[in-house]
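Worksheet for the structure shown next.
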Number of protein chains: 2
Amino acid sequence: MPGTKLDDIDRKILAELQGDGRMTNVELARRVGISAPPCLRRVRALEEQGFILGYHADVNPRELGFEVQVFAMVGLQSQAESDLSAFEARCRDWPLVRECHMLNGDIDFILKCVAPDLRSFQTFLTEELTAAPNVGSVKTSLVIRQAKDEPGVPFDILEARLRREA
Amino acid sequence: MPGTKLDDIDRKILAELQGDGRMTNVELARRVGISAPPCLRRVRALEEQGFILGYHADVNPRELGFEVQVFAMVGLQSQAESDLSAFEARCRDWPLVRECHMLNGDIDFILKCVAPDLRSFQTFLTEELTAAPNVGSVKTSLVIRQAKDEPGVPFDILEARLRREA
DNA sequence: GTTGAAAAATTCAAATT
DNA sequence: AATTTGAATTTTTCAAC
């Protein structure tokens, strides 16, 4: 089940749906060059096999009143697995934390956060994040502007690699 | 046009589509409690007004052969606007760089990168990123694991704020 | 925002290669 | 084994209300 290999059409489907996740199945079928029924079956299979994890509308945080985006670099006091897991569970419970990645190197975690304004982020920072058990150091950096925000993976790189192998 | 305010139904639509961007309009209408035609009109309006920026399938990088995710913290030598823009333009051209955020504080940029393996990332790091004009310092951290990866914004926070204001 | 109707898309079962 | 065809169901989308 996990080792199921994808063919050219499957990869094209993934690339198209990564680019426009709300495209109709007939339009998708047209673009990948097959008829609608097998195209739909492939999409369902890609979902079931875990190649497609979900579909999401990309909303505009600023327009919705989330003016502030922050990256927080967090160091823990204990890196025992149970303590790492406990911190991750806390992150999942904090709505302002949208992403939590465990890293190697100096910092243990990087958190991508959003907040309505600086004041509410500061409240979260001092009363929740810094105050949480086992949290050693927290360094935060405000996002000034976003130069690039592409979803997922670069399919052109994937295709180039496959051509090289062939 | 930009100051158009959203009502409860609009926010519910955004929350639902953030959660499942491929939901049919009929199902969406049912969930937000109106009939399909006005629901579709609202979705189109939300798209045109920039509240919805796009729809994307969330693909599984590992399954697709992108085993490595890296955060790169980049410092530039010159922070003149033309130099910042030039670096951002380079990031947009690098397929492995999926996100590029300009930050305040010690680091100038944080880059989220994906790569098929460590070797190809190292090649990118040494031959492209570090070698690029005006790049002063680059610190990279591998993602060990992802504890949370939620798209967009926390709509429950938004609703709580609106209730407080009312 | 609702209702009603036409056009289009989804989805399944069989036939085809 | 996978794709196409054809057909029934559902959804989309546009009117007019």
Side-chain angles (χ1 to χ4, degrees), chain A residues 1-60 63-64 151 155 158-159 162-163 165-166, chain B residues 1-60 63-65 151 155 158-159 162-163 166:
Chain A
M1 206 174 314
T4 319
K5 276 230 285 299
L6 302 177
D7 63 12
D8 291 354
I9 295 175
D10 289 323
R11 281 191 300 278
K12 197 117 200 297
I13 287 173
L14 291 170
E16 291 290 344
L17 286 179
Q18 177 174 281
D20 178 5
R22 221 174 151 71
M23 189 184 304
T24 68
N25 182 59
V26 290
E27 171 65 9
L28 180 61
R30 196 191 60 72
R31 292 198 190 195
V32 305
I34 59 178
S35 60
C39 185
L40 184 63
R41 261 180 301 136
R42 281 167 181 265
V43 172
R44 295 284 177 264
L46 291 168
E47 290 167 355
E48 278 166 27
Q49 289 166 167
F51 290 100
I52 296 175
L53 301 172
Y55 303 89
H56 306 285
D58 191 7
V59 304
N60 192 330
E63 290 277 340
L64 286 167
F155 280 96
L158 192 61
E159 298 301 333
L162 291 167
R163 269 196 302 279
E165 285 170 16
Chain B
M1 208 172 312
T4 320
K5 275 228 285 302
L6 303 178
D7 64 12
D8 291 355
I9 294 175
D10 288 323
R11 282 191 301 275
K12 197 116 201 301
I13 287 172
L14 292 169
E16 291 290 345
L17 286 178
Q18 177 175 280
D20 178 4
R22 219 174 153 71
M23 191 184 303
T24 69
N25 182 60
V26 181
E27 171 65 9
L28 180 61
R30 196 190 61 73
R31 292 197 188 194
V32 305
I34 59 177
S35 59
C39 186
L40 186 63
R41 276 199 299 262
R42 280 167 181 264
V43 172
R44 295 285 177 263
L46 290 168
E47 290 167 356
E48 277 166 26
Q49 290 165 169
F51 289 99
I52 296 174
L53 301 170
Y55 303 89
H56 307 285
D58 191 8
V59 304
N60 191 328
E63 290 276 341
L64 286 166
F155 279 97
L158 193 59
E159 298 301 333
L162 291 168
R163 269 197 301 280

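Convention: sequence-line order gives letters A, B, ...; per-chain numbering from 1.
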| said: Taking the minimum atom-to-atom distance to the side chain of B/Pro37, which one of C/dT3, C/dA9, C/dG1 wins? | reply: C/dT3
| note | By nearest-heavy-atom nucleotide on DNA chain C, the more 5' of B/Asp7 and B/Arg22 is B/Asp7
| In whole Å, what is the span from the CG atom of B/Leu28 to the P atom of D/dT11? | 13 Å
| Atom CD of A/Glu27 to atom C1' of C/dA7: distance rounded to whole Å? | 17 Å
| Which residue lies more 5' along DNA chain C, comparing B/Cys39 with A/Asn25 via nearest heavy atoms | B/Cys39
| field | Under 4.0 angstrom between B/Ser35 side-chain N/O and C/dT2 OP1 or OP2 | value | yes
| field | Candidates C/dT11, D/dC14, D/dT4 - which lies nearest the side chain of A/Leu40 | value | C/dT11
| note | Regarding the side chain of B/Arg41, the nearest nucleotide among D/dA2, C/dG1, D/dT12 is C/dG1
| Would you say the side-chain atoms of B/Glu47 and B/Tyr55 include a donor-acceptor pair closer than 3.5 Å? | yes
| query | Between B/Phe51 and A/Val59, does a side-chain contact (heavy atoms from CB on, under 4.5 Å) hold up when you go through it step by step? | reply | CA-CA 6 Å; B/Phe51 289 99; A/Val59 304; over 6 Å; no
| task | Measure from the side chain of B/Ile34, starting at C-beta and using heavy atoms only, and say which of C/dT2, D/dT3, D/dT4 lies closest. | result | C/dT2
| request: Let me know the distance between NZ of A/Lys5 and P of D/dA1, rounded to the nearest Å. | output: 17 Å
| Separation of C/dT10 P from A/Glu47 CD (nearest whole Å) | 13 Å
| message | Taking A/Arg44 first and then A/Glu48, would you say they form a salt bridge - that is, a charged N and a carboxylate O separated by under 4.0 Å? | response | no
| Rounded to whole angstrom units, what separation is found between the CE atom of B/Met23 and the P atom of C/dT10? | 16 Å
| Check: A/Asn60 side chain, B/Gly50 main-chain N or O, donor-acceptor pair, under 3.5 Å | yes
| query | Within the pair A/Arg42 and D/dA2, is there a side-chain N or O less than 4.0 Å away from OP1 or OP2? | reply | no
| request: Report the nucleotide, chosen from C/dT10, C/dT2, D/dT3, that has the shortest atom-to-atom distance to any side-chain atom of A/Pro38. | output: D/dT3
| query | So, does A/Arg22 use its side chain to make a donor-acceptor pair with the main chain of B/Met23 at under 3.5 Å? | reply | yes
| Spacing of B/Arg44 atom CZ relative to C/dG1 atom C1', expressed in whole Å | 18 Å
| query | Nearest of D/dT12, C/dA9, C/dT11 to any side-chain atom of B/Val26? | reply | D/dT12
